[in-house]
Q: 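My questions will all concern the structure given below.
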Amino acid sequence: MIEVTNLTKYYGEVRGIDNISFSIGRGEIAGLLGPNGSGKTTTMRILTCFFPPTRGSAKVAGYDVVTQPIEVRRRIGYMPETVPLYPDMKVAGYLNFVAEAKRMNSRQKKARIGAIMERCGLVEVAHRLVGNLSKGFRQRVGLAQALINDPEVLILDEPTIGLDPRQVADIREFIKSLAGERTIILSTHILPEVSMTCERIIIIHEGQIAAVDTPDNLMKKLQKTSKTVVLIKGPGGIIREKLQMLPGVITIEDKGEASPGVCCFEVEAAKESEISGELAQLVYLNNWKLIEMRTEKMSLEKIFIELTREEGAS
Amino acid sequence: MNFYPIFKKELKSYFSSLIAYIVLAVFLVISGYYFYTDLALFVLWGGSSTQEGLWQYLFHDIRLILLLTIPLLTMRLFAEEKKLGTIELLFTYPFRDSEILLGKFLACFAVFSLMIGLTVLYPLLLAMVYEVEVGPLVASYLGLFLLGASFISCGIMVSSLTENQIVAALVSSGVIMAFWFIDWNEAAVSPQVAEVLHHISFFEHFYNFVRGVIESKDVIYFVLFTFFFLFLTLRSLESRRWRGIR
């Protein structure tokens, strides 16, 4: 449904995204995950034909975003971040405008507006000005305008940002309920959000793809083990043997001598084994000298830490 | 061309946000006052040239009010959408840029036409007591519509460059004024340049219409002016492709 190949976007000299490729199948919910400024919105704006990429190509619903933008736009629904709406329009009037803008004929239009207001819980505010609505309702109006043309592809940029926890849960539930009918791509900088709603996660970091996988697989990859690099002054062979016997150690990689007499090992151990404490004690008991010990972070993990930290703050 | 939804939305917005009513009211009050004073002047002093002189005075005065009121109609067209961010959604609906532009232009032109249409009341009032020649009036109104279209396209162009409506209004007034007054001081430039400026300026071209003369060069001038600024607006809308921002 969405085919992205080597997509690159530069804003003058500034890089937005660099060489991004992924594909999303029909009926899938995919999450675009990354810290703020990583290129999520840029990717989405290209997919929605707001602007073309600098290089590379993207196909949405079988149409090219550069050469057939009108065809693409007819088949998508887009909700930008912080849902921009016309404050001086009434909800029903606004949806009517969007339906016309999306080229629906007047017969299907009326029924569709009614149905979508029902579905998004907007019936009670149908005749109120958009400018007087609460954030939660505005978000629902944003979803309604995206859904009004019954799009094959739904593109949601940070759909739950700025909502209270109850509303966040509602919106997530709602997005989930849309699954199966259509392909959904949503972006977020909140890790639990994707793991709750998405079948597949595309992690973008500094304009590049860091990982594409299911939430479960990613969690497994991340949580199983940790890598620790130690530099110890002492007899290499014996150190290696003793390291092997520490609880929880899975593999030991010999990195050679860092300087004369100092050997370097990369120890992969189960996360819960508290390997650093054990290591330090081992060195002390054998009268070796501990030169350095650091826990190596995988780049993916770095991103996750950033992401989970933001969740804590927000 | 799928411009109708935009046209309808803009027209509704003019009237629901009261801008149209306020601009209409201000325009009609001032133009009505001008009609009364110009009429009084020519009734007292006009002699045989009463009609010709009256319409020339009145339409030149109306032109002045348009200079001040049209930027108030055009300022919001793109600037507001940029400010609200709604332009991002608009550009992801199945419109071509030209359709969005046309819808907005025509909506503004419709409000302007209503404004001008209501001034037909003045010659009608006069016709009740005095015989009015229709020919020169038709030429004058044609000139007014062409002039209005030029002002509007200029205002829309400026509006597409900024997200601040006040800046949009002021700058478009400035640009219109520059085109108006560009040939006023012939002493400041060489005769050759003065000749060119003369042809670029609104002033000369509009004057012919008001005298009751419809010349193709004047019509073409205003049509070209309008299209040129609409073309510039399209380029300005397209700049998001490489600038990346709204």
Side-chain angles (χ1 to χ4, degrees), chain A residues 9-12 14-17 41-42 44-54 60 65-66 68-90 93-94 96-104 109 129-131 142 145-146 148-149 151 155 157, chain B residues 1-22 75-104 106-107 160 163 165 234-246:
Chain A
K9 177 79 185 175
Y10 276 87
Y11 303 115
V14 183
R15 187 190 59 191
I17 52 171
T41 301
T42 302
M44 294 193 148
R45 284 185 172 173
I46 294 172
L47 292 179
T48 54
C49 312
F50 177 74
F51 49 46
T54 312
V60 176
V65 294
V66 179
Q68 298 156 302
I70 301 289
E71 295 303 320
V72 171
R73 290 173 185 180
R74 293 183 79 152
R75 288 163 178 81
I76 59 165
Y78 175 45
M79 183 169 83
E81 201 180 334
T82 65
V83 195
L85 299 168
Y86 301 101
D88 58 351
M89 287 176 103
K90 287 178 178 163
Y94 172 65
N96 188 54
F97 160 67
V98 178
E100 283 175 7
K102 293 189 172 183
R103 303 188 185 188
M104 298 176 72
K109 194 178 72 185
L129 288 176
V130 171
Q145 66 81 24
I148 201 134
N149 56 333
I155 300 174
D157 197 356
Chain B
M1 288 296 262
N2 181 33
F3 65 85
Y4 183 66
I6 300 275
F7 172 76
K8 207 168 99 180
K9 170 183 94 72
E10 292 302 334
L11 208 54
K12 265 191 190 161
S13 169
Y14 270 127
F15 287 98
S16 68
S17 66
L18 299 183
I19 289 184
Y21 295 110
I22 292 166
M75 64 179 188
R76 49 173 292 283
L77 285 174
F78 280 105
E80 191 183 32
E81 300 243 17
K82 288 174 123 186
K83 185 98 183 174
L84 292 172
T86 46
I87 196 117
E88 180 174 357
L89 266 180
L90 211 53
F91 281 140
T92 61
Y93 292 154
F95 291 118
R96 287 183 193 88
D97 289 2
S98 55
E99 291 167 340
I100 295 174
L101 176 59
L102 189 67
K104 285 176 180 283
L106 290 180
S160 76
E163 50 180 65
Q165 295 192 35
L234 273 184
R235 292 289 87 83
S236 150
L237 294 181
E238 262 178 31
S239 72
R240 73 180 187 277
R241 289 161 190 270
W242 44 271
R243 286 198 306 169
I245 42 180
R246 297 171 188 143

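A, B, ... follow the sequence lines: proteins, then strands. Residue 1 opens every chain.
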Q: If you round to the nearest 0.5 Å, how far is OH of A/Y86 from CG of B/L89?
A: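 Those atoms lie 7.5 Å apart.
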Q: Sequence neighbours left out, what passes side chain to side chain donor-acceptor pair (under 3.5 Å) with B/E99? Give chain and number order.
A: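 For B/E99, the residues satisfying side chain to side chain donor-acceptor pair (under 3.5 Å) (neighbours in sequence not counted) are B/R96.
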Q: Would B/E88 and A/R45 pass as an ion pair if we require N to O under 4.0 Å?
A: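 The answer is yes: the pair qualifies as a salt bridge.
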Q: Of the backbone (N, CA, C, O) and the side chain (C-beta and beyond), which part of A/M79 lies under 4.5 Å from a heavy atom of chain B, both, or neither?
A: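 Neither part; nothing is under 4.5 Å.
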Q: What's the separation between atom OG1 in B/T92 and atom CZ in A/F51, rounded to the nearest 0.5 Å?
A: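 One gets 12.0 Å once the value is rounded to the nearest 0.5 Å.
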Q: Pick out which of A/V98, A/I70, A/N149, A/T48 makes a side chain to side chain contact (heavy atoms under 4.5 Å, CB included) with B/Y93.
A: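 Of the listed residues A/V98, A/I70, A/N149, A/T48, the side chain to side chain contact (heavy atoms under 4.5 Å, CB included) partner of B/Y93 is A/V98.
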Q: Got a sec, which residues hit side chain to side chain donor-acceptor pair (under 3.5 Å) with A/D157, two or more places apart in sequence or on another chain?
A: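 For A/D157, the residues satisfying side chain to side chain donor-acceptor pair (under 3.5 Å) (neighbours in sequence not counted) are A/T41, A/S187.
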Q: Between B/L84 and A/P84, which heavy-atom pair has the shortest distance, and what is it?
A: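 B/L84 and A/P84 have their closest heavy atoms at O-CB, 3.3 Å.
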Q: Taking non-hydrogen atoms and a cut-off under 4.5 angstrom, which of residues 10-21 of chain B neighbour chain A?
A: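 Checking residues 10-21 of chain B against chain A gives B/S13, B/S16, B/S17.
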Q: List for me each residue that meets side chain to side chain contact (heavy atoms under 4.5 Å, CB included) alongside A/V72, sequence neighbours excluded, and say none if there are none.
A: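 Counting only residues at least two positions away or on another chain, A/V72 forms a side chain to side chain contact (heavy atoms under 4.5 Å, CB included) with A/C49, A/V60, A/Y63, A/V65, A/I76.
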Q: For the atom pair OH (A/Y94) and NZ (B/K9), what is the distance rounded to the nearest 0.5 Å?
A: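 If I round to the nearest 0.5 Å, the distance is 9.5 Å.
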Q: Under a 4.5 Å heavy-atom cutoff, which of A/K102, A/R103, A/R74 has the most pairs with chain B?
A: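 Counting heavy-atom pairs under 4.5 Å, the top option is A/R103.
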